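All remarks here apply to the structure that follows.
Values in this document were obtained by computation on a predicted structure and should not be read as measured data. Keep in mind that the numbers below use all heavy atoms, side chains included, and drop hydrogens, waters and symmetry copies.
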Amino acid sequence: MAATLADDLSAIYDALFAAFGHQHWWPAKTPFETMVGAILAQNVSWTNAAQAVANLEDTGMLDPHLLAAADPADIAPLIVPSRFYNQKAERIREFSGVYVTEFQADPAAMAAVETGELRERLLALRGFGKETADTILLYACEKPVFVVDAYTRRIFSRYGLLPEGASYDLTQRLFAENLEEDVELFNDYHAQIVRLGNAVCKKSPLCDRCPIREVRGALRCAGGRR
Ligand code: SF4
């Protein structure tokens, strides 16, 4: 019997896991830290975002009530490493206000909201795109939502499983419709993709080192350099 798309996506994950091991995401101590980290990670590397998170923590500001009440001008200097710090300071303050007033700063209360409804609420916040909202849904609220980023689109279009320039929604559907709704799998699959995109499937891909260049039989990367 021919392998299905579901088989292929599972085999690709297994190959990534075998090469890189479990990625243990999200690297945060609390769900709120994950939420703030998701905002700080917009358009920058995780290293930059992590430095900004550490600054907030070191100054005792990584607290939803304090951030909700803070002047963005006081938040901004702490998050300079994440770049776009004035905008991100506004976003963090606004999000923290919603987290406190609508969810009592309780991640369980937030996670209890139906997934589609919660996603709409997050997307209504200024500066919240689909990647930020879905990152919070998956990594902070443990909802089975597949997170898409630029690496996902690049890798899977090179692989031949997505058209070039595939939209966020089309890319998300590829995974959502072919994998079991499994929070743990979605968590680590996205983390593996980030690892591959960051270290191997770069702008100039290092195909010789790629653990998914040839997974098995016909399952190989259409764009891989031979
Ligand atoms: S084989 Fe090359 S192009 Fe294909 S996923 Fe791996 S690094 Fe990217």
Okay, side chain of Q23, backbone of G21: is any donor-acceptor separation there less than 3.5 Å? yes
Answer yes or no: is there a donor N or O on one side and an acceptor on the other, between the side chain of Q172 and the main chain of F146, under 3.5 Å? yes
State, without any angle test, whether Q51 and N55 hold a side-chain donor-acceptor pair at a distance under 3.5 Å. yes
Does either side chain, that of D7 or that of T4, offer a donor lying less than 3.5 Å from an acceptor on the other one? yes
Under 3.5 Å, side chain of N187 to main-chain N/O of W25, donor-acceptor pair present? yes
List the atom of G37, the atom of V53, and the distance in Å for their closest heavy-atom pair. CA-CG2, 4.1 Å
pair Y99-P107: side-chain heavy atoms closer than 4.5 Å: yes
Using a 3.5 Å distance criterion without hydrogens, assess whether the side chain of Q42 forms a donor-acceptor pair with backbone atoms of G127. yes
Atom CD of E142 with >12 non-hydrogen neighbours under 6.0 angstrom: no
Given V145, which of V183, I136, L137, L118 fulfils the side chain to side chain contact (heavy atoms under 4.5 Å, CB included) condition? L137
Exam field: side chain Y139 to backbone A28, donor-acceptor pair closer than 3.5 Å: no
Using a 6.0 Å cut-off, check whether atom CZ of R158 has over 12 heavy atoms from anything other than its own residue. yes
If you count the non-hydrogen atoms of other residues, nucleotides and ligands that lie under 6.0 Å from CD in E114, is the total more than 12? yes
Do E94 and R91 meet the salt-bridge criterion of a basic N to acidic O distance under 4.0 Å? no
Taking the side chain as every heavy atom from C-beta outward, state whether K130 and L123 have any atom pair closer than 4.5 Å. yes
Measure from the side-chain N and O atoms of R153 to the backbone N and O of T171, and report whether any donor-acceptor pair falls under 3.5 Å. no
Show the nearest heavy-atom pair for residues Y189 and L9, with the distance to one decimal. OH-O, 2.7 Å
Does any N or O in the side chain of K88 come within less than 3.5 Å of the main-chain N or O of I79, such that one atom is a donor and the other an acceptor? no
Take atom CZ in R209; do more than 12 heavy atoms of anything else shown fall under 6.0 Å from it? no
Is the closest basic N to carboxylate O distance between R220 and D8 below 4.0 Å? no
Here the pair of heavy atoms bringing I155 nearest to G197 is CD1-N, 3.8 Å
Does a side-chain heavy-atom distance below 4.5 Å link L56 with E33? no
Decide yes or no for D149 and T152: does some side-chain heavy atom of the first lie under 4.5 Å from some side-chain heavy atom of the second? yes
Side-chain contact, heavy-atom cut-off 4.5 Å: P72 with N86? no
Taking the side chain from E120 and the backbone from T115, do they hold a donor-acceptor pair closer than 3.5 Å? no
Side-chain heavy-atom pair S10, L179 within 4.5 angstrom cut-off: yes
Among Y13, F186, F156, the one residue meeting ring-ring contact (aromatic ring centres under 6.0 Å, His included) with F175: F156
